[in-house]
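Predicted, not measured: the structure shown is a model, and the values here were computed from it. All values below were derived from every heavy atom in this structure, side-chain atoms included, with hydrogens, water molecules and symmetry-related copies excluded.
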Amino acid sequence: MYFNANDVTSFMAQKDFIDTAVVPLVSIDLSSEKMKQSGAEVDFVMSLTSFIEQQFKGRLLVMPPFSYMTTLKNDDLPQQLEAQLHNAGFKHVFFITCDHYWTKSGEIGNMIWLPAIPLESMDASVKKSILEDQLRQVIPMLSTKWAQI
């Protein structure tokens, strides 16, 4: 489920079963030498998050991407967002990012970092195969946390 009007209505009716929020955490770098890489990272994170949503529909809610400029990083904002999501009733909050910066902070518990894979020039079947491979890396992380209920 996504954070949109239709899915949020379904979420509200099934709140007891949807205990996980997934937040794409994307950096935006507008410098000419890094803009394309930044765009590729956003594309990868959003594609992977969408793929995760398809696989676990009814178990999690994908939040809108938390976007920030690379020059305006604030270590407290993801923590505050995580706290608000827990207060809203989510037992588990996962952040998915390609920005290695967030792995250095032990403050955010469920940070899933994956290196960006440029998807823009791949045909649909190769892209799906790549996303399936990445999903196989993410599933154990989700499953471990879900088993700790």
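Once rounded to the nearest 0.5 Å, the distance linking CG of Leu114 with CG of Asp99 reads 12.5 Å. The OG1 atom of Thr9 lies 11.0 Å from the CD atom of Gln14; values are rounded to the nearest 0.5 Å. Atom-to-atom distance recorded for Gln134:CD and Ser129:OG is 10.0 Å, nearest 0.5 angstrom. We find the NZ-OG distance between Lys127 and Ser121 to be 10.5 Å, quoted to the nearest 0.5 Å. Atom CE of Met1 and atom NZ of Lys57 lie 6.5 Å apart (nearest 0.5 Å). Rounded to the nearest 0.5 Å, atoms OG1 (Thr97) and CZ (Phe44) are 10.5 Å apart.
A 4.5 Å side-chain heavy-atom check between Asp19 and His92 finds at least one atom pair inside the cut-off. Using a 4.5 Å cut-off on side-chain heavy atoms (C-beta onward), Phe90 and Glu82 make no contact. At a threshold of 4.5 Å between non-hydrogen side-chain atoms, the residues Ser67 and Val26 count as touching.
A donor and an acceptor atom, one from each side chain of Gln80 and Gln84, are nowhere located under 3.5 Å apart.
Residues satisfying the side-chain hydrogen bond (donor to acceptor under 3.5 Å, both in side chains) criterion with Gln55, sequence neighbours excluded, are absent altogether. Lys34 is linked by a salt bridge (Lys or Arg N to Asp or Glu O under 4.0 Å) to nothing, counting only residues two or more places apart in sequence or in another chain. Applying the side-chain hydrogen bond (donor to acceptor under 3.5 Å, both in side chains) rule to Asp133 yields the partners Arg136; only residues at least two apart in sequence or on another chain are considered. Not counting sequence neighbours, the partners of Phe56 by the ring pair (Phe, Tyr, Trp, His ring centres under 6.0 Å) test are Trp146.
With Phe94 as the aromatic partner, Lys145 does not meet the cation-pi criteria of under 6.0 angstrom to the ring centre and within 45 degrees of the ring axis.
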* **Verdict with reasoning, Leu77 to Tyr68, per side-chain contact (heavy atoms from CB on, under 4.5 Å)** => CA-CA 10 Å; Leu77 290 178; Tyr68 58 92; over 6 Å; no
* To do: Go through the steps for Val8 and Phe3 under the test side-chain contact (heavy atoms from CB on, under 4.5 Å), then give the verdict.
  => CA-CA 6 Å; Val8 167; Phe3 192 82; 3.9 Å; yes
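Each of Leu85, Leu25, Val93 was scored for a side chain to side chain contact (heavy atoms under 4.5 Å, CB included) with Met63, with one residue passing: Leu85. Between Leu48 and the choices Ile112, Ile117, Val22, Leu131, the side chain to side chain contact (heavy atoms under 4.5 Å, CB included) rule is met once, by Leu131.
In this structure, Glu41 and Ala116 approach most closely via the heavy-atom pair CG-CB, 3.5 Å. Nearest heavy atoms, Gly58 versus Ile18: O-CG1, 3.4 Å. Residues His86 and Lys91 share a closest heavy-atom pair of CE1-O, 3.2 Å. Of all the heavy atoms in Phe95 and Leu81, the pair that sits closest is CE2-CD2, 4.1 Å. When all heavy atoms are compared, the tightest approach of Ser38 to Ser27 is OG-O, 3.0 Å. Among all heavy-atom pairs drawn from Pro140 and Thr144, the shortest one is O-OG1, 2.7 Å.
Judged purely by atom type and a 3.5 angstrom limit, Asp7 uses its side chain to pair as donor or acceptor with the backbone of Tyr2. When atom types are taken as modelled, the side chain of Ser50 and the backbone of Met46 share no donor-acceptor pair closer than 3.5 angstrom.
Counting non-hydrogen atoms of neighbouring residues, nucleotides and ligands closer than 6.0 angstrom, the NZ atom of Lys73 exceeds 12 such neighbours.
Screening residues 111-130 for ring pair (Phe, Tyr, Trp, His ring centres under 6.0 Å), with sequence neighbours left out, gives His100-Trp113.
Criterion: ILVMFWY side-chain heavy atoms under 4.5 Å apart, direct or through other members. Under it, Phe17 and Phe11 are not part of a common hydrophobic cluster.
The hydrophobic cluster containing Met69 also includes Ile28, Leu30, Met35, Leu72, under a criterion of side-chain heavy atoms closer than 4.5 Å among ILVMFWY residues, counted directly or through chains of members.
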